[in-house]
There are 2 protein chains.
Amino acid sequence: MGLILESSRNKSIEEAFRRTGVRITPQRFSVLEHLMLHPDHATVDDLAAALNRRYAKASRATVYNTLHALVEAGLVREFTLDGKAARYDANVDPHHHFVCDVCGAVEDLEWFEIPALQQQPGPKMPRTQKGEHSVKAYNIRSYEVIVRGVCRRCR
Amino acid sequence: MGLILESSRNKSIEEAFRRTGVRITPQRFSVLEHLMLHPDHATVDDLAAALNRRYAKASRATVYNTLHALVEAGLVREFTLDGKAARYDANVDPHHHFVCDVCGAVEDLEWFEIPALQQQPGPKMPRTQKGEHSVKAYNIRSYEVIVRGVCRRCR
DNA sequence: TTTTGTGCAAAAGGTTTGCATACGA
DNA sequence: TCGTATGCAAACCTTTTGCACAAAA
């Protein structure tokens, strides 16, 4: 990565902090930088290890604090899968997720709409025999899709 | 609930154990019975408390063991949300989930297909500028939708 | 009678919290 | 300088594990 690209990246990271009013520290800068450079949904442990390999030392507690601040500011998205350690993503635009059944890797999927969820809400709350509800009866604020399969590296 | 309904329910629970070759114990019977009667996605704590309120005493460890056996046998489905305690569901038919943003309640949604995921898989793995992938490039085995909003009790 | 489930307690992750110190603005 | 982020350790919550005992088939 060239110096020009690197410095423009630094600018955009600084700009993100300034825009959201989050105070800049070496640890916070490095966490956001790492998430922007590596779209592999790092865990807290991944981030702590990556930071301590470079110049900005950070304790686990600081990584947690930092991530909470970044999520709060809308700069990072949190994603927890099957009760395991939370994963973090600098892509905060709407998107879905793909999870590899073999290696557990998580990848972002481009956003797509679900026609069944675009319908006008209805006043009724019909229930099936299995206790399920029709999606028509809800006030929907958001939704996300988790797709599972085998990633190309595991094929 | 009348005696006839109750005895036919007991029959169907026993039949489920027999069909899947899972050994019947009072604890296991009560866990499956509770999940069948209450479609509210109980946690391990909920189940342990509910069982100890009735006749079949069960330690937390036994509830965990029991749930693993039932999930393994395909009689129960596990659902974990946001890294909190796992929830369990006797509805093992394909369905989606609704989560209330206010009270956190989880409800089953009837199954619906996602047209974007029915497409033929393609050989390419296009990437967007944000590092996202097109869903066309994947070998999809399954998917689930998590819908969020406000449930009718919280409106 | 043999196999396997149960219960207790201890341990193992992952995350949160309290507090003294250090640092950014 | 003032406010707050950091780092450490302890606490907390959920889940797993080891082992002696009890119960199911």
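A, B, ... follow the sequence lines: proteins, then strands. Residue 1 opens every chain.
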Separation of atom CG in B:Leu70 from atom P in C:dG5, rounded to whole Å: 11 Å

Residues from residues 12-26 of chain B lying under 4.0 Å of DNA chain C - heavy atoms: B:Arg23, B:Thr25

Passing candidate, side chain to side chain contact (heavy atoms under 4.5 Å, CB included) with B:Ile114, options A:Leu117, A:Val145, A:Val147: A:Val145

Donor-acceptor contact below 3.5 Å, side chain A:His34 vs main chain A:Ser30: no

Spacing of B:Leu67 atom CG relative to C:dG5 atom P, expressed in whole Å: 14 Å

Distance in Å, A:Asp108 CG paired with A:His95 NE2, rounded so as to fall on 0.5 Å steps: 3.5 Å

C:dG14 phosphate, OP1 or OP2, under 4.0 Å from A:Thr43 side-chain N/O: no

Heavy-atom donor-acceptor pair, B:Asn65 side chain to B:Thr62 backbone, under 3.5 Å: no

Angle between terminal axes - the helix from C:dT1-D:dA25 to C:dA25-D:dT1, 5 pairs each end, rounded to 10°: 40°

Centroid-centroid under 6.0 Å between A:His133 and B:Phe98 rings: no

Residue pair B:Glu15, B:Lys11: steps toward the side chain to side chain contact (heavy atoms under 4.5 Å, CB included) verdict: CA-CA 6 Å; B:Glu15 200 275 321; B:Lys11 287 262 167 51; over 6 Å; no

Under-4.0 Å side-chain N/O to phosphate OP1/OP2 contact, A:Gln27 with C:dC23: no

Sugar-phosphate only, base, or nothing, as touched by B:Ala69 at under 4.0 Å among non-hydrogen atoms: nothing

Euclidean distance, atom CG of residue B:Leu51 to atom C1' of C:dT6 [Å, nearest integer]: 13 Å

Donor-acceptor under 3.5 Å (B:Arg77 side chain, B:Asn91 main chain): no

Between OG on residue A:Ser142 and CG on residue B:Asp101, distance to nearest 0.5 Å: 6.0 Å

Spatial distance of atom OH (B:Tyr143) from atom CD (B:Glu113) [nearest 0.5 Å]: 4.0 Å

Donor-acceptor list for residues 79-86 of chain B side chains, cut-off 3.5 Å, not counting sequence neighbours:
none

Stepwise salt bridge (Lys or Arg N to Asp or Glu O under 4.0 Å) check, A:Arg152 with A:Glu107: CA-CA 11 Å; A:Arg152 74 213 157 290; A:Glu107 294 174 11; 3.2 Å; yes

Could you list, one pair per line, each protein nitrogen or oxygen that sits under 3.5 Å from a nitrogen or oxygen of nucleotides 16-19 of chain C, together with the distance?
unit_1	atom_1	unit_2	atom_2	d
C:dT16	OP2	A:His68	NE2	3.1

Most 5' of A:Lys57 and B:Lys84 on DNA chain D, judged by nearest nucleotide: A:Lys57

From A:Glu144 atom CD to A:His96 atom NE2, the distance as rounded to the nearest 0.5 Å: 9.0 Å

Span of DNA chain D in contact with chain B (heavy atoms, under 4.0 Å): D:dT14 to D:dA25

Other ILVMFWY residues reachable from A:Val76 by side-chain steps of under 4.5 Å: A:Ile13, A:Phe17, A:Val22, A:Ile24, A:Phe29, A:Val31, A:Leu32, A:Leu35, A:Met36, A:Val44, A:Leu47, A:Leu51, A:Val63, A:Tyr64, A:Leu67, A:Leu70, A:Val71, A:Leu75, A:Tyr88

Residue whose closest nucleotide on DNA chain C lies nearer the 5' end, A:Ala85 versus B:Ser59: B:Ser59

